[in-house]
There are 2 protein chains.
Amino acid sequence: MTTSAPDPFAVWLPLARAHKTILTAVEAALKQAGLPGLDWYDLLWELECAGDAGLRPYELQDKLLLPQYGVSRLADRLAKAGYLTRQDCSGDGRGQVLLITPEGAETRAQIWAVYSDTMQQTVTPHFSAGEARRLADLLEKLLRPAPADKI
Amino acid sequence: MTTSAPDPFAVWLPLARAHKTILTAVEAALKQAGLPGLDWYDLLWELECAGDAGLRPYELQDKLLLPQYGVSRLADRLAKAGYLTRQDCSGDGRGQVLLITPEGAETRAQIWAVYSDTMQQTVTPHFSAGEARRLADLLEKLLRPAPADKI
DNA sequence: TCCAGTTAGATGCATTTGCATGTATACCAG
DNA sequence: CTGGTATACATGCAAATGCATCTAACTGGA
């Protein structure tokens, strides 16, 4: 017995559309509130999680799926805003460690309030708890390395 | 009996990550092939579907979820590349109608080949047909207007 | 017919991105 | 130690984006 291969576009098209819709809603809400966008949030969040150890730019690159120059310049802007500091990296003269400042943490929290609120409004109403769980599970499947026998 | 509200981030975070991952893969493949990006594809696809009637820019705006100036300038580039023509709109002196050219259709088909191929590689291997169907269904739920009683 | 308000689309300017490349340090084979 | 390669990060330049604003044409009411 053979199972017909799924049409990837049946997944991708609504995924892309949902992504753009939600993202637009969040960014609009943030702008409305006079707060920075989600790219700033993501970086600040990672730094806050990293605590006193901070993070190297190349680590951010992996965590945020950004190109090298993307992290470099994003960090520039965050530093200029006073939300992080660059510290010379002991043990690697090429590198640096990024550390969040109290102002950065404060701003991250403010973004979070709006971010979280918008998600409640744009995502939550569409699903029961069970549906949300199944959707989350299926999306995670997309991120795991593909089963070897399927490639 | 109460059902606990789903955590929207359990859906959103993997969704955003999956989106970025897939998008990056497609764009890289297109660049590699020397072809335009998905924004060009989307516009050309809509025009091709519209056929001889063409489409007004403001219609594209809705279909593609782009801001007004986004459509305006995207159309500029496509026109400069010879992939579409702007035609004065009979009946509305302010407006115009965008029409795909044969070169535009040809290029759209080339993009499609790479696009489709990349989707097969990045999406298909992760799912059974049933899973893909369920995922697609759940994602569509995100796009439907939210149930009135849930807001 | 005329004016006020609305809609379609373009565009100047500042910011952001992408790409290619540059600089400096680290690592390693001989 | 030395020269070659690889890694970490920055940056000049061109293209794309976001925002605000502009023009032109439509619409509806007095």
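When ring centroids are compared, W12(B) and H19(B) stay outside the 6.0 Å threshold.
Checking Y115(B) against W45(B) by side-chain atom types alone, no donor-acceptor pair falls below 3.5 Å. Defined by atom type and a distance below 3.5 Å, a donor-acceptor pair is present between the side-chain atoms of Y83(A) and T107(A).
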Test log, rule side chain to side chain contact (heavy atoms under 4.5 Å, CB included), inputs Q87(B) and Q96(B): CA-CA 5 Å; Q87(B) 195 169 86; Q96(B) 60 191 235; over 6 Å; no
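Straight-line distance from the CG atom of L30(B) to the P atom of dG18(C): 15 Å, rounded to whole Å. As a whole-Å value, the separation of L66(A) CG from dC9(D) P is 14 Å. Following rounding to the nearest Å, L78(A) (CG) and dA10(D) (P) show an atom-to-atom distance of 13 Å. Remark: P of dA14(C) and NZ of K80(A) are 16 Å apart, rounded to the nearest angstrom. Separating the CG atom of D76(B) from the C1' atom of dA16(D) is a distance of 12 Å, rounded to the nearest angstrom. Spacing between atom CD of E27(B) and atom C1' of dC19(C) amounts to 15 Å, rounded to whole angstrom units.
A close approach under 4.0 Å does not occur between any side-chain nitrogen or oxygen of R94(B) and OP1 or OP2 of dC22(D). For Y69(B) and dG9(C), the shortest distance from a side-chain N or O to OP1 or OP2 is not below 4.0 Å. One finds a side-chain N or O of K31(A) lying less than 4.0 angstrom from the OP1 or OP2 phosphate oxygen of dC19(D). Residue S72(B) places at least one side-chain N or O closer than 4.0 Å to OP1 or OP2 of dA10(C).
Below the 3.5 angstrom threshold, one finds a donor paired with an acceptor across the side chain of Q68(A) and the base of dA10(D). Donor-acceptor pairing under 3.5 Å, judged by distance alone, is present between the side chain of R73(B) and the base of dG18(D).
Of the residues in residues 47-64 of chain B, none lies under 4.0 Å from DNA chain D by heavy-atom distance.
Nearest-nucleotide positions on DNA chain D for V71(A) and L74(B) put V71(A) closer to the 5' end. If W40(B) and A75(A) are placed on DNA chain D by their nearest nucleotide, the residue sitting closer to the 5' end is A75(A).
Across all strands shown, D92(A) has heavy atoms under 4.0 Å from sugar-phosphate atoms exclusively, and none from any base.
For D42(A) and K63(A), the salt-bridge test fails: no basic side-chain N is under 4.0 Å from an acidic carboxylate O.
In this structure, the side chains of L99(A) and L84(A) stay at 4.5 Å or more apart for every pair of heavy atoms.
Closest of all the heavy-atom pairs between P6(A) and A132(B) is CB-CB, 3.2 Å.
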